[in-house]
Amino acid sequence: MLTLDFHKTGRHFLQIPGPSPVPDRILQAISLPTIDHRGPEFGALGLKILSGIGRVFKTVHPVIIYPASGTGAWEAALSNTMSPGDHILLYETGHFATLWAHLARRLGLSVEVLQWGGTDVHLPGAPGWRHGVQADLIAQRLGADREHRIKAVCVVHNETSTGVTSDIHAVRKAIDSAKHPALLMVDSISGLASADYRHDEWGADVTVSGSQKGLMLPPGIAFNAISPRALEASKSARLPRSYWAWDAILESNQTGYWPYTPNTNLLYGLSEALEMLEAEGLNAVFARHQRWAAAVRSAVDAWGLPIQCADSKSYSPVLTGVILPPSVDADGVRKNILERFDMSLGAGLGKVKGRMFRIGHLGNNNDLTLLGTLAGCEMGLKMAGVKLAGSGVQAAMEHFSAPSHSGAVCGARADHRIACGV
Ligand code: PLP
């Protein structure tokens, strides 16, 4: 029998930017007995979650739910709408954007990458990985594409590798200002249910997401929210697809079912997560994340270290990237923090490996877990010999206890309405 002897006393601090900590209420829901996925109870569950998830994406159009990780949803978005050799424009804001480009090339698409062209003293090897999408660059490129060769514009809403969010509505306006028919594909895998996101209002054609971030579920569910234009495009798109094909899934979904065996127990969890988010209200969820993010940034500022996101208007409410002095190995700092304090922090990925670490502040956290997180970081940084300008923990405590920042005290607890007295 498997012995879970890797579990230490107390709760592990899972402070990576997803998978995020799963609330007990969701874990309990997932542990219920598996039911017949063709039976009547399942159909009712299916209809409930299919309508609930639309409210999270803020769409009145279909949302496809796959038993997959986010990468599957990337593939589904492209394989349902594109044809072999189609040209797409992808804006590189970080590691996940580059992985999406790589996947698109493997599918047989021609990928053109746009990127911020400036220089940067803190991350000279990856200057574009500190900024969000520059919508004007997209408008310029589309304006020059008079033959409309570009079939899709792909952008990441919340770049999980950098802690930078992008203005998706501005990208839609850029496409419209160029009078270009390209579809707008958005990865909001780590933005959804933590950062404000509006699929319909912002004019996204396909929004890709996953379960393991703001939805507070384990990994294993992926989503495609689709616009009528994307659905129309899927009728003539010729990339091969079967498992990912929207048409068969949409047909089964009409009665709450899937054309194959769905991940029943994770869907119990999704149903629970949707109830929790609706009870709290999405605006309160977004405000809670903004508050946590501001406290974490106040800590990083107090340490005197650069926040990876260089534009204050693009700060992520989900995670904060912390750049370390070039002489310090950020992976070594994370390893030490894991061994000494049982806390996982996000690694620097791809071009910024070893140069920075990421603090996740999303989902089922609260003020005190974040203060513990910052204390673990502060101790780890000091142990690594990083000279800190001041105490980040102190700065965050002041932030949290300031009357103007008190907010809801109870984070994502299931019984939050009782605890908050609302
Ligand atoms: N896109 C973003 C922004 C992500 O954060 C991730 C994973 O963290 C992915 C795509 C890939 O998703 P997955 O690892 O679930 O396949």
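In each ligand, atom 1 is the first atom listed, and ligand 1 is the first ligand listed. Note that the coordinates shown come from a computational prediction; the quantities given were computed from them, not determined experimentally.
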H289 (side chain) donor-acceptor with G363 (main chain) under 3.5 angstrom: yes

Heavy-atom donor-acceptor pair, N80 side chain to W246 backbone, under 3.5 Å: yes

Show the atoms of ligand 1 that are less than 4.0 angstrom away from any heavy atom in [X].
{"X": "T160", "result": "2 (C), 3 (C), 4 (C), 5 (O)"}
{"X": "D187", "result": "1 (N), 2 (C), 3 (C), 10 (C)"}
{"X": "K213", "result": "5 (O), 7 (C), 8 (O)"}
{"X": "T71", "result": "11 (C), 12 (O), 13 (P), 16 (O)"}
{"X": "S69", "result": "13 (P), 15 (O), 16 (O)"}
{"X": "G70", "result": "12 (O), 13 (P), 15 (O), 16 (O)"}

Report the part of W100 (side chain from C-beta onward, or backbone N, CA, C, O) that has a heavy atom under 4.0 Å from ligand 1; answer both or neither where that applies. neither

Nearest-contact summary for atom 7 (C) of ligand 1 - protein heavy atom, Å: F96 CE2, 3.4 Å

Any salt bridge linking [X] with [Y]? Criterion: basic side-chain nitrogen under 4.0 Å from a carboxylate oxygen.
{"X": "D176", "Y": "R172", "result": "yes"}
{"X": "K353", "Y": "D331", "result": "yes"}
{"X": "E75", "Y": "R106", "result": "no"}

How long is the span from the CD atom in E159 to the OH atom in Y91, to the nearest 0.5 Å? 12.0 Å

Which of these, V206, D205, I226, sits in a side-chain contact (heavy atoms from CB on, under 4.5 Å) with L231? I226

Any non-hydrogen atom of Q212 lying under 4.0 Å from ligand 1? yes

